Number of protein chains: 2
Amino acid sequence: MTGHDKNRRNPTNGPVTLADIARLADVSPVTVSRAINTPNLVKPQTLEAIARVIARTGYVPNLLAGGLASRRTRLIAAIVPSVASTIFAETIEGLNAELVSAGYQLLLGLSGYDLQRELELTRAILARRPDGIILTGISHLKETRAMLTGAGLPIVEIWDSTPSPLDTAVGFSHLAVGVLVAEHLLAKGYDRYAQIGANDPRAVQRRDGFVNRLAGIAEVELPALDMNSPSTFSDGRAAMAQLLDRGHGTLGVFCSSDVVAHGALAEAHFQGCRIPEDLAIIGFGDFDFAPHTHPPLTTVRIDRRDIGTKAAQSILKKIAGSEDVGAMINVDFHIVARGTA
Amino acid sequence: MTGHDKNRRNPTNGPVTLADIARLADVSPVTVSRAINTPNLVKPQTLEAIARVIARTGYVPNLLAGGLASRRTRLIAAIVPSVASTIFAETIEGLNAELVSAGYQLLLGLSGYDLQRELELTRAILARRPDGIILTGISHLKETRAMLTGAGLPIVEIWDSTPSPLDTAVGFSHLAVGVLVAEHLLAKGYDRYAQIGANDPRAVQRRDGFVNRLAGIAEVELPALDMNSPSTFSDGRAAMAQLLDRGHGTLGVFCSSDVVAHGALAEAHFQGCRIPEDLAIIGFGDFDFAPHTHPPLTTVRIDRRDIGTKAAQSILKKIAGSEDVGAMINVDFHIVARGTA
DNA sequence: AGTTACAATGAAAGCGCTTCCATTACTTTC
DNA sequence: GAAAGTAATGGAAGCGCTTTCATTGTAACT
């Protein structure tokens with residue numbers, strides 16, 4: 001166990017290398033490499049001897065060296081806007097679970113809903129030569145696109161739908177969500193319609209779908225608040241106050257997330273509205289608390305975790321060389337009708 | 001722009017290398033390396049020429065090669081139980097923000113509150129030779145400890161307090177939280193005391209502090225539910241139903257998280273309890289919704305994001321070679337007295 | 001004018017792996 | 001019993017960088 005310094009530049013606390021293992025096990029480095037990566041090519045007896053030495057020395061292979069040599073890093077990068085929002089957190093959990101079980105690791109980037117930051121992250125990530133990359137949304141800077149396509153690795157865009165993804169997309173049409181919600185409210189019939197929401201690209205799509213479906217039927221009111229994404233309980237509450245202040249008549253409201261809807265609901269409650277007779281609220285996301293508000297929140301349900309799972313599966317297939325992954329993988333959504341609409 | 005195949009084993013779509021840049025800019029590879037890493041050592045004019053070539057070719061440095069050669073990866077790994085819980089999500093956001101601004105990247109591992117998984121993750125992470133590692137909590141398998149200390153890199157343990165961390169810890173005493181909550185409830189005086197909670201090590205510590213403080217004063221009731229960590233709204237609701245079912249007299253309850261508290265509150269409301277006269281509830285975490293429940297939730301506030309920020313700062317200092325980071329960095333907590341206690 | 005410093009650059013070696021191409025020792029097969 | 005596998009192993013080269021140690025030219029001092 002003596003640390004015989006060779007001509008090492010940096011004689012740190014013995015970083016055991018594959019060569020060390022080879023020497024101790026009295027085999028060549030190649031054999032050790034095979035013992036680790038393709039054990040079926042090595043005689044069981046040799047394998048065991050090597051395993052013993054590895055255990056004894058506490059050898060941890062250097063994946064930087066391995067990746068450099070093999071051009072495969074077993075790293076998958078994902079860029080999401082934020083992890084503090086339930087929305088993406090669960091997608092990441094799904095993604096991670098699937099990747100880990102396939103022996104991959106997740107490199108996470110948080111873009112903060114900022115395309116410029118997404119570009120910088122992409123560059124930083126590509127420098128680590130991941131085997132694949134997952135992006136949130138389908139709108140990217142053209143530099144990002146160029147860099148990505150130039151890198152020639154599998155790409156999966158998530159949480160949105162498009163006929164022409166960079167490579168493959170896993171998600172759904174936010175426009176269609178907006179339309180569906182409009183129709184749900186329309187079926188009940190209200191005097192006024194409104195949308196409260198954040199301004200991230202996907203929330204905007206949902207709003208557009210909502211507004212378009214109601215075009216010619218009603219002017220959708222859009223309370224003006226400087227909401228950033230993601231928007232909060234307080235945003236929802238303030239927006240609802242504004243709406244109730246501004247007029248009368250029954251009101252159907254589509255919120256960009258359950259959190260916002262929760263805030264809106266609280267304000268409505270506070271002002272004594274009858275729900276859903278006078279005021280209907282539909283959220284988005286079906287968060288944990290949605291069944292437990294008063295009344296329970298009607299919302300749009302998406303399997304957030306499933307997006308992660310499917311994205312991981314798609315990218316793993318692509319890495320394995322499969323050509324038939326398809327351009328667009330759709331994920332279901334539907335309205336969960338509870339008490340608020 | 002022709003792809004002149006050299007004797008490349010893998011003639012993929014032109015991965016531009018530093019050597020390519022050097023050739024095109026008519027300088028040696030070392031100079032390009034310096035232009036990227038230590039630009040102040042390069043003549044402005046040369047710098048510019050190199051920058052032009054880099055921009056034109058879309059060169060992205062290979063950090064695997066760089067890391068292998070320099071033994072610095074600019075990677076920091078963090079292992080947290082989950083990212084789906086608000087608790088850790090915000091810590092990660094803080095961590096990430098701080099790391100990114102220092103030019104580091106975050107490699108995330110999710111342990112799912114499982115120490116065995118933590119061990120495997122640690123091994124997988126160490127294989128990527130991060131410059132530092134952040135772990136959640138202070139209880140680890142002894143193999144994990146051995147591997148970690150053997151790796152000889154800066155370590156920061158977060159979300160807990162200990163006099164003897166592996167290296168440095170950033171957090172607070174969960175035991176003290178439990179004591180504080182007990183005293184808060186004690187001051188108001190209730191007939192019965194209970195705790196509803198998850199079974200992760202930190203929640204258990206909080207419970208122990210709570211129970212210990214009340215020892216000799218009251219027997220703390222612990223509704224038996226098979227709650228995993230993290231526990232949910234429904235868990236809280238069910239536990240509260242059990243408590244209310246089981247006896248009478250005024251009741252002071254400490255919940256292991258605001259989510260659980262929210263569920264408990266909902267049930268209490270449903271059963272028509274007067275809050276906080278007959279029934280007091282204290283949560284943990286001061287989540288977004290806490291000020292907006294009915295009545296607003298009294299809870300324990302911790303700056304979750306700050307834990308991430310401080311952890312990042314500590315590890316960066318250590319990487320920079322600072323010795324005076326200290327073993328324990330404490331983060332404040334306090335009770336936010338709202339309507340439920 | 002001669003020494004000394006510093007700024008700017010390069011040559012060579014090597015980080016720790018994996019890949020390709022042998023090589024050796026056995027089994028099969030006809 | 002020779003030809004043709006197949007299983008198990010090793011040698012050498014190289015992945016794309018950074019590091020150390022020179023080397024050059026030019027500015028700064030006596």
Side-chain angles (χ1 to χ4, degrees), chain A residues 5-12 14-50 54 57 59-75 126-129 131 151, chain B residues 5-12 14-50 54 57 59-75 126-129 131 151:
Chain A
D5 320 25
K6 302 181 306 184
N7 52 350
R8 278 220 178 89
R9 289 180 274 182
N10 188 4
T12 31
V16 189
T17 70
L18 184 139
D20 295 334
I21 302 298
R23 203 175 314 120
L24 292 171
D26 203 38
V27 294
S28 80
V30 213
T31 303
V32 179
S33 173
R34 276 195 277 256
I36 293 170
N37 301 308
T38 50
N40 55 314
L41 295 183
V42 178
K43 206 203 299 182
Q45 190 176 328
T46 314
L47 217 50
E48 202 180 306
I50 293 174
I54 289 181
T57 54
Y59 169 62
V60 178
N62 186 329
L63 253 42
L64 295 176
L68 180 59
S70 69
R71 298 154 166 291
R72 302 191 318 106
T73 52
R74 300 208 150 262
L75 243 196
L126 254 25
R128 308 227 180 246
R129 302 295 189 263
D131 291 342
Chain B
D5 321 24
K6 301 182 306 185
N7 53 349
R8 277 217 179 92
R9 287 181 276 181
N10 187 4
T12 31
V16 188
T17 70
L18 184 139
D20 296 333
I21 303 297
R23 205 175 313 121
L24 293 171
D26 203 38
V27 293
S28 80
V30 214
T31 303
V32 178
S33 174
R34 276 193 278 255
I36 293 169
N37 301 308
T38 50
N40 56 312
L41 295 183
V42 179
K43 206 202 302 183
Q45 190 175 329
T46 313
L47 218 50
E48 202 180 306
I50 293 173
I54 289 180
T57 54
Y59 169 62
V60 178
N62 185 329
L63 254 43
L64 295 176
L68 180 60
S70 70
R71 297 156 166 289
R72 301 189 319 105
T73 52
R74 299 207 151 261
L75 242 197
L126 254 25
R128 307 222 182 249
R129 302 296 189 263
D131 292 341

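Only a predicted model underlies this, so the values are computations on that prediction, with no experimental measurement involved. Just so we're on the same page: letters track the sequence lines, and every chain starts at 1.
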[X] side-chain N/O to [N] phosphate OP1/OP2 under 4.0 Å:
| X | N | value |
| --- | --- | --- |
| A/Tyr59 | C/dG16 | no |
| B/Ser28 | C/dT9 | no |
| A/Asn62 | C/dC15 | no |
| B/Thr46 | C/dT9 | yes |
| A/Thr31 | D/dG10 | yes |

Ignoring hydrogens and angles, are the base of C/dG10 and the side chain of B/Arg34 linked by a donor-acceptor pair under 3.5 Å?
-> yes
Could you check A/Val30 against B/Ala65 and say which one's nearest nucleotide on DNA chain C is further toward the 5' end?
-> B/Ala65
Hey, which of these two, B/Pro29 or A/Gly67, hits DNA chain C nearer its 5' end, going by closest nucleotide?
-> B/Pro29
Look at the side chain of B/Ser70 and the backbone N and O of B/Gly66, then say whether any donor-acceptor pair between them is shorter than 3.5 Å.
-> yes
Could you tell me whether the side chain of B/Thr73 and the main chain of B/Arg129 form a donor-acceptor pair under 3.5 Å?
-> yes
Student check: side-chain heavy atoms of B/Ile54 and B/Ile36 closer than 4.5 Å = yes
Under the side chain to side chain contact (heavy atoms under 4.5 Å, CB included) rule, what do B/Asn62 and B/Thr17 come out as? Steps first, then yes or no, please.
-> CA-CA 8 Å; B/Asn62 185 329; B/Thr17 70; over 6 Å; no
Roughly how many Å is it from [atom1] in [X] to [atom2] in [N], rounded to a whole number?
| X | N | atom1 | atom2 | answer |
| --- | --- | --- | --- | --- |
| B/Arg71 | C/dG14 | CZ | P | 13 Å |
| A/Leu18 | C/dG14 | CG | P | 18 Å |
| A/Ile54 | C/dC17 | CD1 | P | 10 Å |
| B/Arg23 | C/dT9 | CZ | P | 19 Å |
| B/Leu64 | D/dC17 | CG | P | 10 Å |
| A/Leu63 | C/dC17 | CG | P | 9 Å |
| A/Gln45 | D/dA7 | CD | P | 17 Å |
| B/Asn40 | C/dA8 | CG | C1' | 12 Å |

State whether the number of non-hydrogen atoms from other residues, nucleotides or ligands found under 6.0 Å of A/Asp26 atom CG is greater than 12.
-> no
Nearest of C/dT18, C/dA8, D/dT18 to any side-chain atom of B/Lys43?
-> C/dA8
